[in-house]
Amino acid sequence: MRAEDILVPTAAGICCKRGGFHIDPVRRVERALITHGHSDHARAGHGAVLATAETLDIMRLRYGEGFAGATQVVRYGETVSLGGARVTFHPAGHVLGSAQICVEADGLRVVASGDYKDVPDPTCAPFELVACDVFITEATFGLPVFRHGDPAAEIAKLLHSVALFPERAHLVGAYSLGKAQRVMALIRQGGYDRPIYLHGALDTITRYYERAGIDLGALRPARDAKKAELAGAIALCPPSALKEVWSRRFPDPVTAFASGWMRVRARARQHGVELPLVISDHADWDGLTRTIAATGASEVWVTHGQEDALVHWCGTRGLKARPLAIVGYGDEDETDGVDPRGAADATP
Ligand SMILES: [Zn+2]
Ligand SMILES: [Zn+2]
């Protein structure tokens with residue numbers, strides 16, 4: 001029994017022939033298992049979709065009711081038999097509802113991580129380590145230069161700046177699904193209890209998080225606020241809005257951007273970001289290597305980002321490793337400030 005007898009990388013995504021499904025397919029397929037709601041993983045138009053309730057809800061909010069021919073909810077830890085394979089979803093700690101997908105057949109266990117992080121996030125279930133024979137890991141930040149550090153320290157920088165410049169507004173660019181809500185929760189953990197102002201593009205998903213029981217404190221639409229009210233305020237928006245007309249309603253704004261890419265100073269400068277906040281929903285280099293080692297997998301497939309360094313690292317540890325050349329994944333973080341749907345849906 002080889003891993004390739006269970007899962008095989010194809011142009012449409014990782015395919016399980018014996019189970020008759022694809023995981024996070026980048027093309028339309030008959031049956032898709034979806035790890036989470038980000039648009040590079042969760043596409044519309046599949047025949048049937050199996051995912052957590054939250055992921056299905058998020059797809060519904062983004063694409064409308066008819067986003068798939070049929071849907072089926074799976075709970076964390078629940079095992080579903082599909083053809084000759086057994087499939088179990090486990091929390092991935094990435095965004096609300098995100099899952100790693102464990103596929104088992106003939107005593108061999110393969111885990112497709114989707115996107116993940118192994119650090120605390122008050123807005124989603126914590127990453128669960130799943131022992132396996134083959135681990136398929138993402139590699140968004142798969143270079144040793146990427147070490148994210150403590151998000152609370154990044155939020156402290158923001159709150160310090162707010163205290164220092166009480167007459168200026170602080171605009172924080174953050175992706176609409178997951179990052180924005182995590183930043184709000186972190187701001188609350190940092191002790192800030194004034195209202196937080198939101199760009200219209202963040203509204204739908206943020207309300208959904210609140211309905212799911214995640215307390216984000218007092219939130220206000222930025223569009224209803226007077227300029228004077230926004231002095232000293234914190235407002236969140238999609239990264240693309242930082243440079244748009246929308247930002248002109250704020251008094252002398254300080255622009256911040258919450259992303260793992262803010263570790264790279266040149267990126268922050270390129271976006272005209274004054275206050276880079278290194279906060280990521282992906283594992284950093286230490287998180288990736290720590291997780292790979294902890295799964296006990298003897299074989300590792302690397303996809304979704306910077307694959308070569310991780311493949312090399314696995315080799316030095318005596319692990320069999322290969323990059324998967326599947327085109328179509330690129331996190332919202334990688335779109336460099338443009339969240340295609342967030343921007344399109346934007347109500348200024
Ligand atoms: Zn993602
Ligand atoms: Zn992704």
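As the structure lists them, so they are numbered: ligands from 1, and atoms in each ligand from 1.
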- Query: Where the Zn ion (ligand 2) is the centre, what is the NE2-to-OD2 angle for H41 and D40, rounded to 10°?
  - Reply: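 Value, to the nearest 10 degrees: 80°.
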
- Residues clustered with W313, ILVMFWY side-chain links under 4.5 angstrom: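 V111, Y116, F127, L129, V130, F135, W285, L288, I292, V300, V302, L310, V311, L319, all in the cluster of W313.
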
- Message: Considering only residues two or more places apart or on different chains, which pairs with a residue in residues 88-101 satisfy salt bridge (charged side-chain N to carboxylate O under 4.0 Å, His left out)?
- Response: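 Listed by first then second residue: nothing to list.
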
- Query: What orientation do H41 and Y329 show, parallel under 30°, tilted 30 to 60°, or perpendicular over 60°?
  - Reply: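 If you compare the ring of H41 with that of Y329, the planes turn out parallel.
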
- Message: Would the distance check show the side chain of D115 and the main-chain N or O of H94 forming a donor-acceptor pair, the cut-off being under 3.5 Å?
- Response: no

- Query: Is there an N/O/S atom in H282 at a distance below 2.8 Å from the Zn ion (ligand 1)?
  - Reply: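 Under 2.8 Å: H282 has no N, O or S contact with the Zn ion (ligand 1).
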
- Note on the structure: So the angle subtended at the Zn ion (ligand 1) by H38 atom ND1 and H94 atom NE2, rounded to 10 degrees, is 90°

- Return the name of the atom in D115, of element N, O or S, nearest to the Zn ion (ligand 2).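 Restricting D115 to its N, O and S atoms, the minimum distance to the Zn ion (ligand 2) goes to OD2.
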
